[in-house]
Novice: 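The structure that follows is given in the form of structure tokens.
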Amino acid sequence: MNLLETIKASITNAIKELYGESVSAEKVQINPTPVEFTGDYTVVIFPFVKMAKKSPDAVGAELGAYLVDRVDAVAGFNVIKGFLNLEISNAWWHVFLGEVVSTPDFGKKPRNNRTVLLEYSSPNTNKPLHLGHVRNCLLGWSCSQILDAAGYDVKKVQIINDRGVAICKSMLAWQKYGLGRTPASEGVKSDHFVGDYYVLFEQKAKEEYEVWQQTSVARAIFEEKHKPEQGEKEFFKEYKNQWFNTASVLGAEVREMLLNWESGDEATLSLWKQMNSWVYAGFDDTYERMGVSFDKLYYESDTYLLGKDLVEEGLAKGVFYKKEDGSVWIDLSDVGYDQKVLLRSDGTSVYITQDIGTARKRYQDFGAESVIYTVADEQNYHFAVLFEVLKRLGEPYANGLYHLSYGLVELPTGRMKTREGTVVDADDLMDEVIRVARDESEKRGELSGISEDGRETILKRVGLGALKFFMLRVNPRKKMIFNPEESVDLHGQTGPFIQYSFVRTNGLLQRVRTESIDMSSFSGYMDIQPCEKELLKAIHEYPDVVQQAAAEYDPSHLANYCFNLAKSYNRFWHEVKILGAESIAARAFRLQLSQATGSVLKSGMQLLGIEMPERM
RNA sequence: GGCUCCGUAGCUUAAUGGAUAGAGCAUCUGACUACGGAUCAGAAGGUUAGAGGUUCGAGUCCUCUCGGAGUCACCA
């Protein structure tokens with residue numbers, strides 16, 4: 001049993017024995033003692049004052065005495081203003097340190113034989129991955145690692161939106177203007193190649209629209225429909241979608257292509273397969289570089305018709321209802337939502353229909369009792385509705401659904417817009433952070449003796465470490481303003497700061513090996529310094545942090561934890577001598593402490609998807 | 001307008017209802033006779049948007065106000 005649990009259990013016993021009241025162990029609050037007081041852990045006494053009918057200080061004194069008496073680890077105590085500060089014995093810390101070093105999986109829970117499905121990334125195939133996907137992927141991947149550490153069997157999936165108007169735009173542009181060019185012939189990364197045709201399409205459509213605006217038909221529409229205060233420019237900006245769907249030649253061609261696709265036209269399908277295969281090759285490359293992977297891919301071209309049978313089931317159960325025009329609806333006004341259409345009057349699916357169908361299909365595939373959707377917070381309402389619908393359908397997994405919602409990534413200039421060319425590309429971004437890592441490294445010259453390959457591996461770890469930590473250290477819910485300069489910072493509260501601490505521990509252990517330094521006989525070390533105690537307490541906290549991150553689906557807890565641990569280690573590094581310690585026992589103890597810190601840092605960062613360099 | 005989320009130092013942010021709101025960046029001072037200075041120590045910087053309330057105790061919970069974002073499609 002963990003130390004704090006032992007103490008909590010003992011306090012519930014004490015309350016029972018001393019005051020005759022029962023208190024559950026979860027109600028007992030224990031925090032690390034702030035540095036300005038003496039002690040290691042602090043019990044908050046106030047909750048027990050009423051049941052004891054004594055002053056806070058008296059209760060604290062009684063509980064403190066009880067704990068010193070019954071719990072070996074508790075060596076002493078003091079009570080200040082209703083807070084019971086406990087001192088943990090050196091002997092207990094020695095045992096603890098030994099355990100951490102000899103437990104490779106320290107902080108991780110045993111397998112619990114429960115399966116969780118985690119969906120993330122889920123891009124469209126008309127253009128390459130961008131900054132928004134990066135946050136999504138890093139979050140999704142990190143959560144998968146955290147849940148794995150918490151004992152779950154995690155299945156990572158993505159559903160690829162490989163059909164629809166968007167990809168048809170890229171297809172059409174390539175067909176009209178591509179002249180048989182390929183990624184290979186142009187030497188362009190294949191997903192970017194496809195994306196370029198999407199941009200080209202938008203450009204051509206814009207040109208067509210501008211010409212059209214000068215026609216008499218356009219003038220007439222403007223005169224008829226514009227709002228009183230609305231200028232021409234504003235009106236036509238707003239009217240663009242409608243124009244595209246009614247008057248545009250390119251629009252008509254795209255719609256025709258979509259119809260051809262849906263009717264299974266062979267030429268269209270083969271073009272579609274060609275374009276998508278280019279995109280997938282590019283995505284694979286980006287994912288690999290980012291260090292994320294999937295257990296199964298779903299394609300919308302396979303799933304977009306799913307869900308209709310569930311709509312029938314819902315109608316039969318009376319959960320849904322049909323309007324006169326044949327459309328099917330659900331009324332969620334009793335839980336504060338609106339009425340929502342589930343099937344169009346012509347019998348075709350809407351967005352939520354296929355999500356309903358896909359949910360069941362995936363349950364059949366994996367039997368997961370819990371499904372996590374990593375999707376931006378624009379879709380909060382959609383998922384609230386989806387989960388409510390599945391609940392009312394009585395789906396067995398409906399209570400295990402979670403929308404891992406995250407704030408959009410915006411630029412200092414506002415939201416990214418493809419049309420305005422303000423999209424930050426994922427590949428470019430990774431290039432950039434690695435370039436900055438290289439510059440910094442060359443300035444320092446520490447890697448001069450390492451092979452080309454080894455150096456590249458390190459620079460990649462450092463650069464991506466900076467990027468990943470930057471994106472994961474804040475609460476996912478928060479909107480993120482992406483400042484390119486801060487994202488590649490290598491100093492302060494950053495990934496490389498933590499990696500550097502690890503490199504320090506690694507360097508020490510290297511010397512232990514090469515010089516056969518003894519680090520086993522540390523139990524005689526009794527004079528544990530405050531900076532050492534701080535480290536021990538931080539290491540002791542690690543399993544709880546993993547649990548909390550898993551329970552809240554929030555990697556930022558781990559990111560902040562790792563930073564604090566690294567900071568404590570750096571302070572320790574400066575305050576005491578390790579290899580040159582005052583005694584053999586002190587040296588052994590500090591080396592053990594370094595090893596424990598290094599392994600927890602490595603483990604914690606791995607849960608963020610960040611790899612540790614051996615040197616940097 | 002309804003619903004949801006957000007508002008903490010110049011900037012980015014932390015804080016299971018617990019002690020004097022904790023960090024990083026930027027600014028200013030210091031620290032290498034080296035276990036790696038991508039580091040450390042220190043200074044300065046806060047009416048936690050505002051007003052009420054609940055509580056022994058509120059950045060955190062409740063109510064209202066102000067400010068910002070998202071959403072409220074037979075789009076995805």
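We use all heavy atoms of the structure for the numbers below, so side chains are in, but hydrogens, waters and symmetry mates are not. Chain letters run A, B, ... following the sequence lines, proteins first and then strands; every chain starts at 1.
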Novice: Answer with base, sugar-phosphate or nothing: what part of the nucleic acid does A/V576 contact at a heavy-atom distance below 4.0 Å?
Specialist: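 Base contact - A/V576 has a heavy atom under 4.0 Å of at least one base atom.
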Novice: Going by the rule side chain to side chain contact (heavy atoms under 4.5 Å, CB included), which residues pair with A/A538 if we only count those two or more places apart in sequence or in a different chain?
Specialist: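 Only A/L565 meet the side chain to side chain contact (heavy atoms under 4.5 Å, CB included) criterion with A/A538.
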Novice: Between B/rG70, B/rC35, B/rC74, spot the one nearest the side chain of A/R415, thanks.
Specialist: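 From the listed options, B/rG70 comes nearest.
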Novice: Considering only the C1' atoms, how many Å lie between B/rU20 and B/rA15, rounded to the nearest integer?
Specialist: 14 Å
Novice: For A/V503, report the nucleic acid contact type (base, sugar-phosphate, nothing); a contact means any heavy atom under 4.0 Å.
Specialist: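 A/V503: base contact, heavy atoms under 4.0 Å.
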Novice: Is it true that A/Q548 and A/Y561 share a donor-acceptor pair across their side chains at a distance under 3.5 Å?
Specialist: no
Novice: Under a 4.5 Å cut-off applied to non-hydrogen side-chain atoms, are A/P555 and A/I146 in contact?
Specialist: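 The answer is yes, as the side chains (C-beta and beyond) meet within the 4.5 Å cut-off.
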Novice: Answer yes or no for this row: A/Y381 ring on B/rG70 base, centroids under 5.5 Å, planes under 30°.
Specialist: no
Novice: Taking the six-membered ring for Trp and the full ring for Phe, Tyr or His, determine whether the centres of A/Y351 and A/H382 are under 6.0 Å apart.
Specialist: yes
Novice: Got a donor-acceptor pair under 3.5 Å from the side chain of A/T42 to the base of B/rA19?
Specialist: yes
Novice: If I take atom CD1 in residue A/I30 and atom P in nucleotide B/rA19, what distance separates them, rounded to the nearest angstrom?
Specialist: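 Value for this atom pair: 16 Å.
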Novice: Would you classify A/H557 as touching base, sugar-phosphate or nothing, given that sugar-phosphate means primed atoms plus P, OP1 and OP2, and contacts are heavy atoms under 4.0 Å?
Specialist: sugar-phosphate
Novice: Would you say A/F83 stacks on B/rG18, if stacking means ring centres under 5.5 Å apart and planes within less than 30 degrees?
Specialist: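 Not stacked by the 5.5 Å and 30° rule.
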Novice: Tell me what A/F497 touches on the nucleic acid: a base, only sugar-phosphate, or nothing, going by heavy atoms under 4.0 Å.
Specialist: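 Contact class for A/F497: sugar-phosphate only.
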Novice: For A/Y351, report the nucleic acid contact type (base, sugar-phosphate, nothing); a contact means any heavy atom under 4.0 Å.
Specialist: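 Here A/Y351 touches the bases of the nucleic acid.
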Novice: Counting the atoms with a prime plus P, OP1 and OP2 as sugar-phosphate, which does A/E575 contact under 4.0 Å by heavy atoms, base, sugar-phosphate, or nothing?
Specialist: nothing
Novice: Between A/G580 and A/F470, which is nearer to the 5' end of RNA chain B once each is assigned its nearest nucleotide?
Specialist: A/F470
Novice: According to a strict under-4.0 Å criterion, is A/W573 in side-chain N/O contact with OP1 or OP2 of B/rG37?
Specialist: yes
Novice: Using the salt bridge (Lys or Arg N to Asp or Glu O under 4.0 Å) rule, collect all pairs that involve residues 330-346 of chain A, keeping only residues at least two apart or in two chains.
Specialist: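 Sorted pair list: A/D334-A/R392.
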Novice: Does atom NZ of A/K323 have more than 12 heavy-atom neighbours, drawn from other residues, nucleotides or ligands, at distances under 6.0 Å?
Specialist: yes
Novice: Quick one: side chain to side chain contact (heavy atoms under 4.5 Å, CB included) partners of A/I30, sequence neighbours excluded?
Specialist: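 Partners of A/I30 under the side chain to side chain contact (heavy atoms under 4.5 Å, CB included) test: A/L4, A/I7, A/K8, A/V28, A/Y41, A/V43.
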Novice: Between P on B/rU60 and CG on A/N31, what's the gap in Å once rounded to a whole number?
Specialist: 18 Å
Novice: Tell me what A/V49 touches on the nucleic acid: a base, only sugar-phosphate, or nothing, going by heavy atoms under 4.0 Å.
Specialist: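 The residue A/V49 makes no contact with any strand.
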Novice: Between B/rC28 and B/rG68, how far apart are the C1' atoms? Round to whole Å, please.
Specialist: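 B/rG68 and B/rC28 have their C1' atoms separated by 34 Å.
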Novice: Hey, does A/Q339 have a side-chain heavy atom less than 4.5 Å from the side chain of A/Y321?
Specialist: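 Counting from C-beta outward, A/Y321 and A/Q339 do come under 4.5 Å.
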Novice: Can you tell me, in whole Å, how much space there is between the P of B/rU60 and that of B/rG17?
Specialist: 11 Å
Novice: Using the C1' atoms only, state how far B/rG67 lies from B/rA58, rounded to an integer number of Å.
Specialist: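 22 Å, rounded to whole Å.
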Novice: For RNA chain B, just give me the dot-bracket, please: Watson-Crick or G-U, both distances below 3.5 Å, ( ) intra-strand, [ ] crossing earlier pairs, | paired with another strand, . unpaired.
Specialist: (((((((..((((....[...)))).(((((.......))))).....(((((..]....))))))))))))....
Novice: Set out, in order, the CA-CA distance, both residues' side-chain angles and the distance that settles side chain to side chain donor-acceptor pair (under 3.5 Å) for A/N161 and A/S122, then state yes or no.
Specialist: CA-CA 7 Å; A/N161 184 3; A/S122 303; over 6 Å; no
Novice: When you compare B/rU16 with B/rC64, how far apart are their C1' atoms, in angstrom units rounded to a whole number?
Specialist: 28 Å
Novice: What's A/N475 touching, base or sugar-phosphate or nothing? Going by heavy atoms closer than 4.0 Å.
Specialist: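 The residue A/N475 makes sugar-phosphate contact but no base contact.
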Novice: What's A/E440 touching, base or sugar-phosphate or nothing? Going by heavy atoms closer than 4.0 Å.
Specialist: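 Touches a base.
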Novice: For atom CD1 of A/I584, is the number of surrounding heavy atoms from other residues, nucleotides or ligands below 6.0 Å larger than 12?
Specialist: no
Novice: Select base, sugar-phosphate, or nothing to describe what A/N85 touches, counting heavy atoms under 4.0 Å on all strands.
Specialist: base
Novice: Could you list all N or O pairs between the protein and nucleotides 3-6 of chain B that sit under 3.5 Å apart?
Specialist:
from: B/rC6; atom 1: OP1; to: A/R477; atom 2: NE; distance (Å): 3.3

Novice: Contact class for A/N161 (heavy atom, under 4.0 Å): base, sugar-phosphate, or nothing?
Specialist: sugar-phosphate
Novice: Work out how far the C1' atom of B/rG22 is from that of B/rG45, and round it to whole angstrom.
Specialist: 14 Å
Novice: What is the distance, rounded to the nearest whole Å, between atom OH of A/Y321 and atom C1' of B/rC74?
Specialist: 13 Å
Novice: Could you give the NZ-to-P distance, from A/K340 to B/rU71, as a whole number of Å?
Specialist: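 Checked: the NZ to P distance equals 13 Å.
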Novice: Which part of the nucleic acid, if any, lies within reach of A/R163 when heavy atoms closer than 4.0 Å are counted: base, sugar-phosphate only, or nothing?
Specialist: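 Result for A/R163 = nothing.
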Novice: A/N245 CG to B/rA73 C1': how many Å, rounded?
Specialist: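 Rounded to whole Å, this separation is 13 Å.
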Novice: With RNA chain B as reference, determine whether A/R504 or A/S349 sits nearer its 5' end, using the nearest nucleotide of each.
Specialist: A/R504
Novice: Would you classify A/S501 as touching base, sugar-phosphate or nothing, given that sugar-phosphate means primed atoms plus P, OP1 and OP2, and contacts are heavy atoms under 4.0 Å?
Specialist: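 Nothing: the residue A/S501, judged by heavy atoms under 4.0 Å, touches no strand.
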Novice: If you count the non-hydrogen atoms of other residues, nucleotides and ligands that lie under 6.0 Å from NZ in A/K602, is the total more than 12?
Specialist: no
Novice: Given atom CG of A/L472 and atom P of B/rA14, what is their separation to the nearest angstrom?
Specialist: 13 Å
Novice: For A/V350, which contact category applies under a 4.0 Å heavy-atom criterion: base, sugar-phosphate, or nothing?
Specialist: sugar-phosphate
Novice: Does atom CD of A/E485 have more than 12 heavy-atom neighbours from other groups under 6.0 Å away?
Specialist: no
Novice: What is the distance from atom OH of A/Y120 to atom OG of A/S142, rounded to the nearest 0.5 Å?
Specialist: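 Going from OH on A/Y120 over to OG on A/S142, the span is 10.5 Å.
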Novice: May I have the distance from A/Q29 (atom CD) to B/rA58 (atom C1'), rounded to whole angstrom?
Specialist: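 These atoms are roughly 14 Å apart.
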Novice: Mind checking the C1' distance from B/rG7 to B/rG46? Whole angstroms is fine.
Specialist: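 The same atom, C1', in both gives a distance of 15 Å.
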Novice: Tell me whether the OP1 or OP2 atom of B/rC75 has a side-chain N or O from A/R344 closer than 4.0 Å.
Specialist: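 Yes, within the criterion.
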Novice: Answer whether the closest heavy-atom distance between the side chains of A/V424 and A/L411 falls below 4.5 Å.
Specialist: yes
Novice: Within the structure provided, determine whether A/S301 and A/W272 are in side-chain contact (heavy-atom separation under 4.5 Å).
Specialist: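 Touching, per the 4.5 Å side-chain cut-off.
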Novice: Can you check whether A/R571 has a side-chain N or O nearer than 4.0 Å to OP1 or OP2 of B/rA41?
Specialist: yes
Novice: Side chains of A/Q354 and A/K308: closer than 4.5 Å at any heavy-atom pair?
Specialist: no
Novice: What is the distance from CG of A/N560 to P of B/rU16, rounded to the nearest Å?
Specialist: 11 Å
Novice: Restricting to nitrogen or oxygen on both sides, can you table the protein-nucleotides 24-34 of chain B pairs closer than 3.5 Å?
Specialist:
from: B/rG24; atom 1: OP1; to: A/K567; atom 2: NZ; distance (Å): 3.2
from: B/rG24; atom 1: O2'; to: A/Q493; atom 2: N; distance (Å): 3.0

Novice: Taking only the C1' atom of each, what is the distance from B/rU27 to B/rG10 in whole angstrom?
Specialist: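 Result for the C1' pair: 10 Å, nearest Å.
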Novice: Answer yes or no for this row: A/Y500 ring on B/rG36 base, centroids under 5.5 Å, planes under 30°.
Specialist: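 Given the distance and angle limits, no, they do not stack.
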